[in-house]
Amino acid sequence: MPTDGEVQTLVPLTNELIAEVLSARDYNFGTDDDGDIGGMWDDNLIWFFRRGSQGEMLQVRTLAAVEFSVDDVPRLYAFCNEWNHDRLWPKAFVHVNDDGTARVFGEVTTDLERGVSHAQLDQLIGCGISTGCQLAEAAAGLKG
C-alpha cells in the first residue's frame with residue numbers, strides 16, 4: 001500500500017480489485033452466481049456492487065439484520081428521513097417484502113469513472129462497511 005506522498009495509479013474498478021481489497025483486510029466474503037461480492041458484518045449482509053454502464057460506480061449496500069413488520073413502516077420512514085438529514089453516509093431507505101416484513105437498507109454509491117487507487121478503494125470499502133453497520137445498529141435500537 002502506498003505511503004503518504006507516494007503517487008497512486010488509478011485503475012478501473014473491477015470485482016477482482018474489490019476482492020483484493022477485502023482479502024487484504026482479511027474479511028470473509030463470497031461471490032454469488034451473478035459475480036456480485038458480499039459478506040456478513042455484525043450479522044448484516046453487505047454487498048459490493050458495480051453499477052453504471054461500464055461498471056464504474058461502486059455501491060456498498062447494507063441490509064440491516066433486524067426485521068420489522070409492515071406496521072412499523074411509518075416509524076422506519078421517519079428514522080430513515082432523520083438519518084439522511086443528519087448524515088451523508090449511508091443513504092438509508094426502507095424496503096417492504098412481499099411477506100409483510102420490512103427491512104432498513106443503507107447505500108453508499110461512488111462514481112469512479114476516472115479510476116480508483118487501491119488506497120482509495122480500501123477507504124471507500126472501509127467507510128461503507130463501518131457506516132452501514134452504524135445504520136444497522138441504530139435501526140436495531142428501534143426494535144426495543
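Every heavy atom of this structure was used, including side-chain atoms; hydrogens, water molecules and symmetry mates were not.
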**Study point:** Exceeds 12 heavy-atom contacts within 6.0 angstrom, atom CD of Glu20
**Key:** yes

Exercise for review: Identify whether Ile18 and Val116 are in the same connected component of the hydrophobic contact network (ILVMFWY, side-chain heavy atoms under 4.5 Å).
Suggested key: yes

Point to revise | His118 backbone acceptor or donor facing Asp122 side chain under 3.5 Å | key: no

Point to revise | Asp72 (side chain) donor-acceptor with Arg75 (main chain) under 3.5 angstrom | key: no

Practice item. Check for a donor-acceptor pair, side chain of Asp71 on one end and backbone N or O of Ser69 on the other, with a separation under 3.5 Å. Key: no

Study note, to complete from the structure: Heavy-atom nearest pair, Leu76 first then Leu142, reads CD2-CD1, 3.8 Å

Point to revise | Exercise: identify the closest heavy-atom pair between Ala138 and Trp83 | key: CB-CZ3, 4.0 Å

Practice item. Determine, step by step, whether Val11 and Ser117 satisfy the side chain to side chain contact (heavy atoms under 4.5 Å, CB included) criterion, reporting the C-alpha distance in whole Å, the side-chain angles of both residues, the deciding distance to 0.1 Å, and the verdict. Key: CA-CA 6 Å; Val11 296; Ser117 72; over 6 Å; no

Practice item. Looking only at non-hydrogen atoms, find the nearest pair between Ala19 and Ile37 and report the distance. Key: N-CD1, 4.0 Å

Check your understanding: Is the Phe93 ring parallel, tilted or perpendicular to the Phe105 ring (thresholds 30°, 60°)?
Key -> parallel

Point to revise | Pairwise side-chain contact, Val108 with Thr131, heavy-atom cut-off 4.5 Å (strictly under) | key: yes

Practice item. List the steps and the verdict of side chain to side chain contact (heavy atoms under 4.5 Å, CB included) for Arg103 and Leu63. Key: CA-CA 7 Å; Arg103 303 286 285 271; Leu63 170 58; 3.6 Å; yes

Exercise for review: Report yes or no: is the cationic atom of Arg25 (NZ for Lys, CZ for Arg) under 6.0 Å from the centre of the six-membered ring of Tyr27, at an angle within 45° of the ring normal?
Suggested key: no

Review point. Would the Phe48 and Trp41 ring centres measure less than 6.0 Å apart?
Key: yes

Point to revise | Any donor-acceptor pair under 3.5 Å from Lys91 side chain to Thr109 backbone | key: no

**Study point:** Verdict with supporting geometry, Thr62 and Cys133, side chain to side chain contact (heavy atoms under 4.5 Å, CB included)
**Key:** CA-CA 8 Å; Thr62 302; Cys133 288; 5.8 Å; no

Practice item. Say whether, by atom type as modelled, one donor and one acceptor occur between the side chain of Asp99 and the main chain of Thr101 under 3.5 angstrom. Key: yes

**Study point:** Thr31 and Asn15: CA distance, side-chain angles, deciding distance, side chain to side chain contact (heavy atoms under 4.5 Å, CB included) verdict
**Key:** CA-CA 9 Å; Thr31 304; Asn15 282 356; 5.8 Å; no

Review point. If you take all heavy atoms of Ala136 and Ala64, which pair is closest and at what distance?
Key: CB-CB, 3.8 Å

Check your understanding: Does Trp89 belong to the same Ile/Leu/Val/Met/Phe/Trp/Tyr cluster as Ile46, with side-chain heavy atoms less than 4.5 Å apart forming each link?
Key -> yes

**Study point:** Under 3.5 Å: donor-acceptor pair, side chain of Asp43, backbone of Ala65
**Key:** no

Check your understanding: What are the two closest non-hydrogen atoms of Pro90 and Asn84, and how far apart are they?
Key -> O-OD1, 3.9 Å

Review point. Which atom pair, heavy atoms only, marks the closest approach of Asp36 to Trp47?
Key: O-CZ3, 3.7 Å

Check your understanding: Heavy-atom count around Asn81 CG within 6.0 Å, excluding the residue itself: above 12?
Key -> yes

Review point. Take atom CG in Asn28; do more than 12 heavy atoms of anything else shown fall under 6.0 Å from it?
Key: no

Review point. Ion pair present between Arg50 and Glu56, side-chain N to carboxylate O less than 4.0 angstrom?
Key: no

**Study point:** Heavy atoms of other groups near Glu82 CD, more than 12 under 6.0 Å
**Key:** no

Check your understanding: Is a side-chain N or O of Asp111 found less than 3.5 angstrom from the main chain of Glu113, in a donor-acceptor match?
Key -> yes

